[in-house]
Amino acid sequence: MGTSVIFKNTLIRKIFMSLTGLFIAFFLIIHLLGNFQLLLPYEQAHLQYNWYSHLLSHNIIIEIIAYVLYATLIIHILDALLITLENRKSNGQGLKVDKRGVNSSWFSRNMGILGVIILLFLILHFKDYWYMYKFGNIPVDEKGNKDIFLIVHESFKQGWYVAIYIVAFIALGFHLAHGIWSAFRTLGVYNKWYIKLTKYIGITFAILMSLGFAIIPAIIYLKNL
Amino acid sequence: MNVTLKVWRQKNSKSKGHFETYKLNDLNPDMSFLEMLDVLNEQLIHEDKIPVEFDSDCREGICGQCGLTINGRPNGHHHHTTTCQMHMRHFEDGDTILVEPLRASAFTVIKDLKVDRSAMDRIMQAGGFVSVHTGSAPDANSLPIGKMDAEDAFDSAACIGCGTCIATCKNSSAALFTSAKITQLATLPQGEIEREKRVVAMVDAMDAEGFGSCTNTEACEMECPQEISVTNIARMNFEYNRALLLGKK
Ligand code: HEM
Ligand code: FES
């Protein structure tokens with residue numbers, strides 16, 4: 001099968017979308033669990049979080065997985081762009097008056113818009129933490145680890161910054177509420193019971209992830225009022 | 001009852017098209033939507049104007065020939081109905097009703113409300129069949145088929161090929177239509193022989209016609225006159241992925 005077929009095939013496009021999406025979703029679980037350390041009592045959280053960050057950034061296996069993750073995210077975004085543009089072309093000139101929206105949920109139709117909100121968030125997130133940690137000039141704590149905890153903690157004292165995070169996690173929640181079960185269906189889960197099961201799993205996962213990520217900045221903000 | 005109609009008029013596939021406004025008075029509320037259009041056409045003929053072209057055949061919801069976008073939704077504001085099964089009593093006296101063709105880039109407008117849906121025929125021709133000798137008819141029960149399989153296959157086979165699923169999909173995806181036939185034949189022993197070849201050929205044909213990717217909004221099932229389930233699409237994905245993994249084309 002040539003590469004041109006892969007780009008033209010409406011089913012293979014979706015397979016890439018679902019596999020990359022599920023991989024990123026799996027990463028979210030690990031990322032969330034790690035970040036819950038931020039909610040420990042201040043002194044403990046401080047040293048432990050910096051130690052944890054040091055561990056992650058100095059482990060070759062984790063580094064490799066991280067680069068696979070970046071590649072996955074880029075494929076997911078490019079494929080999303082391809083699918084969205086091609087589908088728009090298929091719809092042609094469209095209806096002059098379009099009331100078809102009543103037949104489906106808003107978020108199932110606007111995965112691209114939700115994705116762009118997440119992407120904008122990711123750019124901010126990478127700039128402030130990832131770039132800072134790797135290339136920024138940041139202080140070290142008493143154990144000699146880079147004090148990324150301090151930077152995170154300081155940023156979550158700002159209300160507007162916390163608000164951006166929460167909006168992004170709401171968008172993420174809706175993106176996942178459609179994305180997860182849709183991915184299973186793309187992969188060919190057709191049994192009626194499994195369809196129901198994956199729908200429950202997907203929606204539960206979406207709620208847990210968006211709530212879980214949102215309470216971290218919210219709690220730190222409230223603690224510091 | 002009286003209504004104002006705004007009808008899409010387009011001379012041929014090359015011309016641009018526009019809405020034309022018509023007033024119809026003293027309609028019987030028990031008329032079907034298509035009968036109302038017949039009344040409009042009689043009125044136009046009396047006025048020496050060109051009647052509005054639209055498709056229909058059985059007018060009882062089984063042939064799939066009709067299909068109009070009414071007030072921005074394929075087949076109007078009712079779920080699970082064909083255009084011929086819409087009646088004027090479903091509208092209010094004095095309503096303005098907007099009538100457009102079914103839209104998708106693979107459906108070219110031939111004239112007015114009539115669109116070319118032969119792309120769907122070509123998907124069927126690619127694999128929507130079983131190759132068997134057509135000698136004398138075999139004994140009805142010579143091939144045992146489980147009750148549930150027979151029911152499932154029949155549910156998929158109920159598709160009337162009207163194109164509503166495509167027209168209601170924001171991606172103009174033909175996934176529901178194509179998958180219904182693939183699922184019907186994949187469920188039955190008669191379809192087993194060409195199982196992998198069929199799914200690949202039909203998906204290729206679907207793509208060649210320029211239909212979009214399914215993004216599982218499930219709008220198609222909501223509008224389908226036959227309530228064909230979106231689980232058919234999942235089954236098509238399964239069959240396609242299976243054929244890919246087995247390396248069969
Ligand atoms: C944390 C980040 C993300 C996760 C966990 C994620 C997860 C997923 C999953 C599981 C799907 C379903 C795939 C399918 O239906 O086959 C999906 C679909 C989609 N994603 Fe993401 N995604 C993320 C970020 C993004 C970003 C940044 C963008 C765009 C800039 C994006 C755009 C899309 C689009 C447009 C779809 C729908 C494609 C379709 O309906 O076929 N996603 N995502
Ligand atoms: S005319 Fe046959 S289904 Fe409407």
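Please read these numbers as outputs of a predicted model, since none were measured by experiment. Chain identifiers are assigned alphabetically (A, B, ...) following the order of the sequence lines, protein sequences preceding nucleic acid strands; residue numbering begins at 1 within each chain. Note that these values count all heavy atoms, side chains included, but never hydrogens, waters or copies made by symmetry.
Among the candidates B:M222, B:H79, B:E100, B:E223, the residue making the largest number of heavy-atom pairs closer than 4.5 Å to chain A is B:E100. The candidate with the highest count of non-hydrogen atom pairs below 4.5 Å against chain A, out of B:A208, B:A104, B:S173, B:P101, is B:A104. With respect to chain B, the highest number of heavy-atom pairs below 4.5 Å among A:N191, A:L187, A:N91 belongs to A:N91. Heavy-atom pairs under 4.5 Å with chain A peak, among B:A106, B:A167, B:P74, at B:A167.
Separating the CG atom in B:N71 from the CG atom in A:D98 is a distance of 12.0 Å, to the nearest 0.5 Å. The CG atom of A:L95 lies 10.0 Å from the CH2 atom of B:W8; values are rounded to the nearest 0.5 Å. Rounded to the nearest 0.5 angstrom, B:E221 CD and A:S104 OG are separated by 12.5 Å. Rounding to the nearest 0.5 angstrom, the gap separating the CE atom in B:M236 from the OH atom in A:Y190 is 14.0 Å. To the nearest 0.5 Å, atoms OG (B:S229) and NZ (A:K192) are separated by 6.5 Å.
In terms of modelled atom types and a separation under 3.5 Å, the side chain of B:S105 and the main chain of A:S90 share a donor-acceptor contact.
Of the two parts of B:F19, only the side chain, counted from C-beta on, holds a non-hydrogen atom closer than 4.5 Å to a non-hydrogen atom of chain A. Proximity to chain A is absent for every atom of B:A175, based on heavy atoms less than 4.5 angstrom apart. Heavy-atom distances place the backbone of B:C169, and not its side chain, under 4.5 Å from chain A.
Taking each heavy atom of A:R109 and B:K170 in turn, the nearest pair found is O-CE, 3.2 Å. Between A:K14 and B:T215, the shortest heavy-atom distance links the atoms NZ-CA, 3.6 Å.
For the pair A:K89 and B:N171, the minimum side-chain heavy-atom distance is 4.5 Å or more. By the 4.5 Å heavy-atom criterion applied to side chains, A:I195 and B:V230 are not counted as neighbours. Side-chain contact between A:H178 and B:N216 is present, with at least one heavy-atom pair separated by less than 4.5 Å. A:R100 is not listed as a side-chain neighbour of B:T69, based on a closest heavy-atom distance of 4.5 Å or more. Within the 4.5 Å cutoff, the side chain of B:S213 has heavy atoms near those of the A:R13 side chain. Contact annotation: the side chain of B:N237 never approaches that of A:F184 to less than 4.5 Å [non-hydrogen atoms, C-beta and beyond]. Side-chain atoms of B:R73 and A:V102, non-hydrogen and from C-beta on, do get closer than 4.5 Å to each other. Residues B:H18 and A:K96 have side chains not in contact (no heavy-atom distance under 4.5 Å, counting atoms from C-beta outward).
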Check step by step if side-chain contact (heavy atoms from CB on, under 4.5 Å) holds for B:M206 and A:L11. CA-CA 10 Å; B:M206 175 175 90; A:L11 264 51; 4.0 Å; yes
Any chance you could lay out the side-chain contact (heavy atoms from CB on, under 4.5 Å) test for B:E218 and A:R185, step after step, and finish with the verdict? CA-CA 12 Å; B:E218 302 189 336; A:R185 203 172 284 178; 2.6 Å; yes
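For B:D207 and A:T10, the side-chain atoms include at least one donor-acceptor pair closer than 3.5 Å. Looking only at atom types and distance, the side chain of A:N87 has no donor-acceptor partner in the side chain of B:S172 under 3.5 Å away.
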